[in-house]
Trainee: 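Quick one: the structure is below, and I'll ask about it shortly.
Quick note: numbers below take in every heavy atom, side chains included, and nothing from hydrogens, waters or symmetry partners. Lettering follows sequence order; numbering is per chain, from 1.
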4 protein chains.
Amino acid sequence: MTGQSVIMSESATPHRQRRKEARPSELLDAALALFTEKGFSATRAEEVAQRAGVAKGTLYLYFNSKEELLKAVIRHTLSSAVADGRQRLLEHHGSATEALTELLPTWWEEVYDSPSSALFKLVITEVRNFPDIAEFYAQEVIQPGLAVIQALLQRGIDRGEFRPVDVEAAAHSLVLPIIMLCLHKHSVGACALAEAMVADPRRIIRSHLQLVLRGLQAHSSSS
Amino acid sequence: MTGQSVIMSESATPHRQRRKEARPSELLDAALALFTEKGFSATRAEEVAQRAGVAKGTLYLYFNSKEELLKAVIRHTLSSAVADGRQRLLEHHGSATEALTELLPTWWEEVYDSPSSALFKLVITEVRNFPDIAEFYAQEVIQPGLAVIQALLQRGIDRGEFRPVDVEAAAHSLVLPIIMLCLHKHSVGACALAEAMVADPRRIIRSHLQLVLRGLQAHSSSS
Amino acid sequence: MTGQSVIMSESATPHRQRRKEARPSELLDAALALFTEKGFSATRAEEVAQRAGVAKGTLYLYFNSKEELLKAVIRHTLSSAVADGRQRLLEHHGSATEALTELLPTWWEEVYDSPSSALFKLVITEVRNFPDIAEFYAQEVIQPGLAVIQALLQRGIDRGEFRPVDVEAAAHSLVLPIIMLCLHKHSVGACALAEAMVADPRRIIRSHLQLVLRGLQAHSSSS
Amino acid sequence: MTGQSVIMSESATPHRQRRKEARPSELLDAALALFTEKGFSATRAEEVAQRAGVAKGTLYLYFNSKEELLKAVIRHTLSSAVADGRQRLLEHHGSATEALTELLPTWWEEVYDSPSSALFKLVITEVRNFPDIAEFYAQEVIQPGLAVIQALLQRGIDRGEFRPVDVEAAAHSLVLPIIMLCLHKHSVGACALAEAMVADPRRIIRSHLQLVLRGLQAHSSSS
DNA sequence: AATGAATGAGCTTTCATTCAT
DNA sequence: TATGAATGAAAGCTCATTCAT
């Protein structure tokens, strides 16, 4: 469902005893998929184990509790795509306009297609039950994510590409729709009849960036 | 899985409907609050009853099961704010620009402040476990919501206020950040340390609408 | 097995809903019997419930955990027989010899026949797993129990009935065998073939007290 | 329940007995310590292995099950101190008084200090769960132990050292406090605050034997 | 109509035991 | 022989639901 190579490995050793190193991430992948699909509380520990191809008890060889598994899932998944795309933006030295039209849509489409997209739903759903997720998420995702976008916008303003806008608010204008599309993908979007409901998310992302870019650009008359 | 339009089915039997209308809306309010805060699965039926000030057994006098309570909560809450704001937009006959700068922000702030804002989180969180919510939500919220925004945008284009843009995509640009802010309010935003994380949502909404409006307006140069 | 009226009550209301007040002590009685027979760890919570005539879940209506049930059993059972017999000794004002030949054997036979006899085994068995039992037991049983016996012996010495002996040690000489007989009753003594192993405990108690009494008395030659 | 003399049955097949003798007595020592401390049921097989310095699987190379390990522990530990002390008493040919004042206290202090002292607790605790322990214990410990003490007392009576007392009961008077002190050592006595609770067990044993000896001796007036 | 004691299916977690290495 | 990853039966505990009052 959420992709990742949960099952694709090792059809040659069908029974007991596989590799201890691979187990944790197989379990994490299975857990991410199920926690995102059904919610943490509605997912049984045994389901996670089954989807990872192991028995119930094996799960507890690697994680002390279901809750610790959740925390590990979040920690594990956050590390990947977000920081990675951020890196690309930091290394970019072209015009801000160019970054908005080329870098951002590419990065966000990757996020949308990756398992990280599921994480947004997971965090939104579970923070209130596990408040220490909030701090971790804020520090690892929200702050650095917004910071890099705000820096980009500020650069555009400094270079004269953009009007002097409320940079903080504008960053939200850019980011929030993509997160919302990720959430949608893993909720209503995953239900049968809602397929035609939202048009191709790629089209929406690119269109959105164009629209905001135009709103930002300096050479239009002010409101 | 089971039925498809379970949520709507009861409006087909208006006989006992009266009794259901009379059902303590305290229970529905309590359920909305708790389901949103902790998730459906993690909320105990007794908690709902307690918060509503009645005993556990009383809940089952009005709802046959916890699941039926969830459906009732969604049905009950959707009826209010969404349809109401839609009405206001339909009755509006001024310029599209005016609608975007005055009507929309006002309505959305009302939604943001109302219990309806919680509903977005609830639906996002629970659709995959209760697929018939999807149909109901799509028909009652997504479709009419997008339709009215798209109509507004189309009107703006027809009147020459806006450039000819991808109306469907632009509607998402307008709507998604708003919904995302509602979700945020009930998840990360409700956690202690994340207060300063996101600036005042009202400022973000107004700023966002201004930005998109500029992007839509005809008198700027095309990309 | 260990007696007490666990089942003897209420054959008129065979199904649900009995008296809330009676439940806890029915459960405590059942728990004492089973914990003593099989040990705390080897006793399943459901067994306790079954023997008390209720369902598994009902147990948890009255005790938060199996461990808390254990503590409650100990607290509840200690209160009765020990303190009671102690009272009798304190109120006795005849000769120490008389107390040893009449009061003590009567009291100890009562303890031996009562459910309290089981408690010795339970405490011996479980203190090391639940160290706070130790403090409670020391303060409620060991200290007051030894104190009253030592006072009795001291009185005998002061009155010239007994030789001046090591009062503390002599108290142990008196008390330890009876406790040991209680332990035996609930361990080896409860097994089929061991019935003839230990002669009638009453005979042993009375004989033991006679023997020690003679050893204490002043008019024999010193060693 | 199942067999009756399971514990003894293996001494009937002396073929593989050699192998069992060779089994790491570290495992048996570790098991005795842990079973005594926490009880059989509350001790995990892996703990035993760990304390013996081997891996979990190794334990099962030597013992087919945790239960068989328990039986082996009891068999192994009984062989040593009890039979040994018995031997010394049988070989003693001085006066009964001398035996009581010199032989017995020495032997019992050895038992008290040896791992055998733990065995009393183990048997008391577990007989009811493993009834065939009872037969083994009765035949190997209780009967020979009481027999030798009773013979000693009878000898004392025959020689005119002791009054003609109830030999069976008097044997219990001598033995029970000693066993009780062993139990105490491994239960309440092992807990922090109970150290001062019971005075030095050596003093109690010696004092007890003196007291009983005086009660037995012929030259005091009858009751 | 309202209550809350009682129930038992169901879930999390543990641990004796196995077996591939 | 020794290991320890894997298993799954079994135990503790929860909670949706019922029903006598």
Side-chain angles (χ1 to χ4, degrees), chain A residues 13-23 41-50 52-69, chain B residues 19 22-24 40-50 53-69, chain C residues 13 15-23 41-50 52-69, chain D residues 22-24 40-50 53-69:
Chain A
T13 328
H15 302 307
R16 279 269 199 76
Q17 199 89 358
R18 300 210 245 173
R19 51 283 98 110
K20 194 186 178 182
E21 334 82 51
R23 276 287 141 70
S41 194
T43 301
R44 284 176 300 121
E46 189 166 16
E47 283 180 284
V48 175
Q50 265 174 2
V54 298
K56 197 179 8 167
T58 306
L59 174 62
Y60 288 89
L61 252 35
Y62 297 98
F63 303 95
N64 292 325
S65 68
K66 202 183 150 193
E67 185 172 334
E68 197 176 274
L69 174 61
Chain B
R19 193 170 146 245
R23 278 169 187 174
F40 173 73
S41 191
T43 300
R44 285 179 301 124
E46 189 168 15
E47 283 180 283
V48 175
Q50 264 175 3
V54 297
K56 196 178 7 171
T58 307
L59 176 62
Y60 287 87
L61 252 34
Y62 296 102
F63 304 95
N64 293 324
S65 70
K66 201 182 152 193
E67 186 172 334
E68 193 177 277
L69 173 61
Chain C
T13 329
H15 302 307
R16 280 270 200 74
Q17 200 89 359
R18 300 211 247 172
R19 51 280 104 105
K20 194 186 178 182
E21 334 84 50
R23 274 289 140 69
S41 195
T43 301
R44 285 176 301 121
E46 190 167 15
E47 284 180 282
V48 175
Q50 264 174 4
V54 298
K56 197 180 7 168
T58 306
L59 174 62
Y60 288 91
L61 251 36
Y62 296 98
F63 303 95
N64 292 325
S65 68
K66 201 183 150 193
E67 186 172 333
E68 197 175 275
L69 174 61
Chain D
R23 278 169 185 173
F40 173 74
S41 189
T43 301
R44 284 177 303 123
E46 189 168 15
E47 282 180 285
V48 175
Q50 265 176 1
V54 298
K56 197 178 6 171
T58 308
L59 176 63
Y60 286 87
L61 253 33
Y62 296 102
F63 304 95
N64 293 324
S65 69
K66 200 183 152 192
E67 186 172 334
E68 195 178 277
L69 173 61

Trainee: Let me spell it out: for each of R44(B) and G57(D), pick the nucleotide of DNA chain F with the closest heavy atom. Which residue's pick is nearer the 5' end?
Mentor: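 It is G57(D), whose closest nucleotide lies nearer the 5' terminus.
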Trainee: Between K66(A) and L59(B), which has a closest nucleotide on DNA chain E that is more 5'?
Mentor: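 Checking each residue's closest nucleotide, the 5'-ward one belongs to L59(B).
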Trainee: Identify the heavy atoms of A49(A) and A55(A) that sit nearest to each other, and give their distance.
Mentor: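 Scanning both residues, the minimum pair turns out to be CB-O, 3.6 Å.
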Trainee: Counting only side-chain heavy atoms from C-beta out, which of dA6(F), dA1(E), dT1(F) sits nearest to Y62(D)?
Mentor: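 Closest nucleotide to the Y62(D) side chain: dT1(F).
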Trainee: On DNA chain F, does the nearest nucleotide to A55(D) precede the nearest nucleotide to A42(B) from the 5' side, or the other way round? Give the residue.
Mentor: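 Here A55(D) is the residue nearer the 5' end.
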Trainee: Could you tell me whether a side-chain N or O of E68(A) sits under 3.5 Å from a main-chain N or O of S65(A), the two making a donor and an acceptor?
Mentor: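 Between the backbone of S65(A) and the side chain of E68(A) there is no qualifying donor-acceptor contact (under 3.5 Å).
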Trainee: How close or far is atom P of dT13(E) from atom CD of E47(A), stated in whole angstroms?
Mentor: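 So the CD-P distance, E47(A) to dT13(E), works out to 14 Å.
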Trainee: Where is the tightest heavy-atom contact between T43(B) and K66(B), given as atom of each residue plus distance?
Mentor: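 Heavy-atom minimum between the residues: O-NZ, 2.7 Å.
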Trainee: Write down the distance between CD (E68(C)) and P (dT14(F)), rounded to a whole number of angstrom.
Mentor: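 Roughly 11 Å, once rounded to whole Å.
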Trainee: List in chain and number order the residues that pass salt bridge (Lys or Arg N to Asp or Glu O under 4.0 Å) with E67(A), two or more places apart in sequence or in another chain; answer none if no residue qualifies.
Mentor: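 Listed in chain order: K71(A).
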Trainee: Can you name the side chain to side chain donor-acceptor pair (under 3.5 Å) partners of Q50(B), sequence neighbours left out?
Mentor: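 Result, side chain to side chain donor-acceptor pair (under 3.5 Å) vs Q50(B): none returned.
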Trainee: Hey, does S41(D) reach any base, or is it just sugar-phosphate, or nothing, if we go heavy atoms under 4.0 Å?
Mentor: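 The answer is nothing, as S41(D) stays clear of every strand by at least 4.0 Å.
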Trainee: Return one dot-bracket line describing DNA chain E 5' to 3' (Watson-Crick or G-U wobble pairs, both distances under 3.5 Å; ( ) same strand, [ ] crossing, | another strand, . none).
Mentor: .||||||||||||||||||||
Trainee: Nearest whole Å is fine: how far is dA20(E) P from Y60(D) OH?
Mentor: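 The answer, rounded to whole Å, is 18 Å.
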Trainee: Where each residue is assigned the nucleotide of DNA chain E containing its nearest heavy atom, which of V54(B) and E46(A) is assigned the position nearer the 5′ end?
Mentor: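 Nearest nucleotide further toward 5': that of V54(B).
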Trainee: At under 4.0 Å between heavy atoms, what does K56(A) touch on the DNA or RNA strands: base, sugar-phosphate, or nothing?
Mentor: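 Contact class for K56(A): base.
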Trainee: Please report the distance, rounded to the nearest Å, between CG in L61(A) and P in dT14(E).
Mentor: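 To the nearest whole Å, that distance equals 11 Å.
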Trainee: My understanding is that only one of T58(C), N64(C), L59(C) makes a side chain to side chain contact (heavy atoms under 4.5 Å, CB included) with Y62(C); could you say which?
Mentor: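 The passing option is T58(C).
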Trainee: Rounded to whole angstrom units, what separation is found between the CD atom of E67(B) and the P atom of dA16(F)?
Mentor: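 These atoms are roughly 13 Å apart.
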Trainee: Output the rounded distance in Å from CD (Q50(A)) to P (dG8(F)).
Mentor: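 It is 11 Å, rounded to the nearest whole Å.
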Trainee: Could you give the CG-to-C1' distance, from N64(A) to dT14(E), as a whole number of Å?
Mentor: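 The answer, rounded to whole Å, is 12 Å.
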